[in-house]
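Before any comments, here is the structure.
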Amino acid sequence: MKAVKLLFAALAMTFAMNASAEDGHFTLDVKFGGVAGAGGFGAGFGYQKNIKEFNNWNLAWDVVSVDYAAPFNSPADFDLLAVRTGLRLFTPTFWNDNFRVYTNLAPGYSCGIWREGNIGAWYDPTTGAVIVVDDSMKAHHGFGLSFGVGIQFKEKFSLGYTLQYETAGKTKCHFATFGWTF
C-alpha cells in the first residue's frame with residue numbers, strides 16, 4: 001500500500017510541474033441512476049487542471065474530486081463518500097467548435113456507510129418490554145474507482161455516463177451525469 005501511495009504522489013508532482021496555474025478550474029456534477037442495486041442519486045465537486053494539449057486533444061488532471069452517492073431513501077440504508085484523483089482526456093472539438101467527447105478514470109478512497117442487521121423493534125409479551133434492534137450505521141473503508149465517458153458543450157456543460165466501483169461493500173453504481181465546469 002505504501003508503494004501505491006508513493007506512486008500516486010510521484011504522478012501528482014509530475015503533472016503539477018507541467019501544468020500552469022491559469023489552466024485550473026472547478027467542476028460540479030449531479031448524478032442519477034443506480035446505487036448498489038437501487039435507484040439513487042449523487043453529487044460531486046472537484047478541481048481540474050489542464051496538463052497537455054497535443055494535436056488538439058487535451059489531457060487534464062482531476063486533481064481532487066469529492067463524491068457522494070446514495071439510494072433515494074438515504075440515509076435510511078446506504079451512503080457512499082469518495083475522494084479521488086485521476087486523468088481526463090478530451091477529443092478535439094467538433095460541430096463548429098461547440099462539442100468535444102471525454103473519458104476519465106479516477107482511483108481513490110471510498111467509505112461506504114450502511115446499516116447492519118435488522119432495523120425495528122418488537123414487543124416481548126412476557127415482560128411487557130419493547131426491545132429495539134440496533135440500527136446504527138457502520139462505516140466500511142476501501143478502494144474506489146470511477147470511469148466515465150460523455151460529451152461536453154462549450155467546455156462548460158457535460159452529459160455522460162459514470163461507473164463507480166467501491167471495494168467497501170463491493171458496490172457498483174451506474175449514473176447519468178450532468179456536469180458544469182466553472
Taken in chain and number order and not counting sequence neighbours, the residues that satisfy side chain to side chain donor-acceptor pair (under 3.5 Å) with Thr177 are Thr162
The criterion is ring pair (Phe, Tyr, Trp, His ring centres under 6.0 Å); which residues satisfy it with Phe147, sequence neighbours excluded? none
Determine whether Asn50 and His25 make a side-chain contact, defined as any pair of heavy atoms from C-beta on separated by less than 4.5 Å. yes
Can you name the ring pair (Phe, Tyr, Trp, His ring centres under 6.0 Å) partners of Phe45, sequence neighbours left out? Phe26
Taken in chain and number order and not counting sequence neighbours, the residues that satisfy side chain to side chain donor-acceptor pair (under 3.5 Å) with Asn98 are Lys154
Taking the side chain as every heavy atom from C-beta outward, state whether Val66 and Leu81 have any pair of such atoms under 4.5 Å apart. no
With sequence neighbours excluded, residues passing ring pair (Phe, Tyr, Trp, His ring centres under 6.0 Å) with His141: Tyr109
Which residues share a side-chain contact (heavy atoms from CB on, under 4.5 Å) with Phe32, sequence neighbours left out: Val30, Phe41, Phe72, Phe178
Measure from the side-chain N and O atoms of Thr167 to the backbone N and O of Gly142, and report whether any donor-acceptor pair falls under 3.5 Å. no
Working note: Val101 + Val149, criterion side chain to side chain contact (heavy atoms under 4.5 Å, CB included); need CA distance, chi angles, decisive distance, verdict. CA-CA 8 Å; Val101 174; Val149 293; over 6 Å; no
Filter on salt bridge (charged side-chain N to carboxylate O under 4.0 Å, His left out), then keep only pairs touching residues 102-113, sequence neighbours left out; what's left? none
Once rounded to the nearest 0.5 Å, what's the spacing between atom CG of Leu159 and atom CZ of Phe99? 10.0 Å
Partner of Leu87 under side chain to side chain contact (heavy atoms under 4.5 Å, CB included), picked from Thr103, Ile51, Leu105, is Ile51
Please report the interatomic distance CD1(Ile113) to CZ(Phe78), rounded to the nearest 0.5 Å. 9.0 Å
Sequence neighbours excluded, every pair satisfying salt bridge (charged side-chain N to carboxylate O under 4.0 Å, His left out) that has a member inside residues 27-36: Lys31-Asp67
Is a donor on one side and an acceptor on the other found under 3.5 Å between the side chain of Asp79 and the backbone of Ala70? no
Enumerate the salt bridge (charged side-chain N to carboxylate O under 4.0 Å, His left out) contacts for residues 157-168, please, sequence neighbours excluded, ordered by first and then second residue. Arg84-Glu166
All heavy atoms of Pro107 vs all of Gly86, minimum pair found to be CD-CA, 4.3 Å
Pairwise side-chain contact, Phe153 with Ser158, heavy-atom cut-off 4.5 Å (strictly under): no
Heavy-atom pair with the smallest gap, counting every atom of Val35 and Gly40: CG2-CA, 3.9 Å
Tell me whether Thr85 contacts the main-chain N or O of Val64 through its side chain, where contact means a donor paired with an acceptor under 3.5 Å. no
Under the side chain to side chain donor-acceptor pair (under 3.5 Å) test, residues paired with Arg100 that sit two or more places apart: Gln152
Residue that, paired with Gln48, satisfies side-chain hydrogen bond (donor to acceptor under 3.5 Å, both in side chains) out of Thr27, Asp23, Asp62, Thr181: Asp62
Is there a side chain to side chain contact (heavy atoms under 4.5 Å, CB included) between Lys170 and Tyr165? Walk through the geometry before answering. CA-CA 7 Å; Lys170 295 180 178 51; Tyr165 177 75; 3.8 Å; yes
Side-chain heavy atoms under 4.5 Å apart, restricted to Ile/Leu/Val/Met/Phe/Trp/Tyr: what other residues fall into the cluster of Phe90, or is it alone? Tyr102
Measure the SG-CG distance between Cys173 and Leu163 for me, rounded to the nearest 0.5 Å. 8.5 Å
Applying side chain to side chain donor-acceptor pair (under 3.5 Å), name anything that partners Thr93, two or more places apart in sequence or on another chain. Asp97
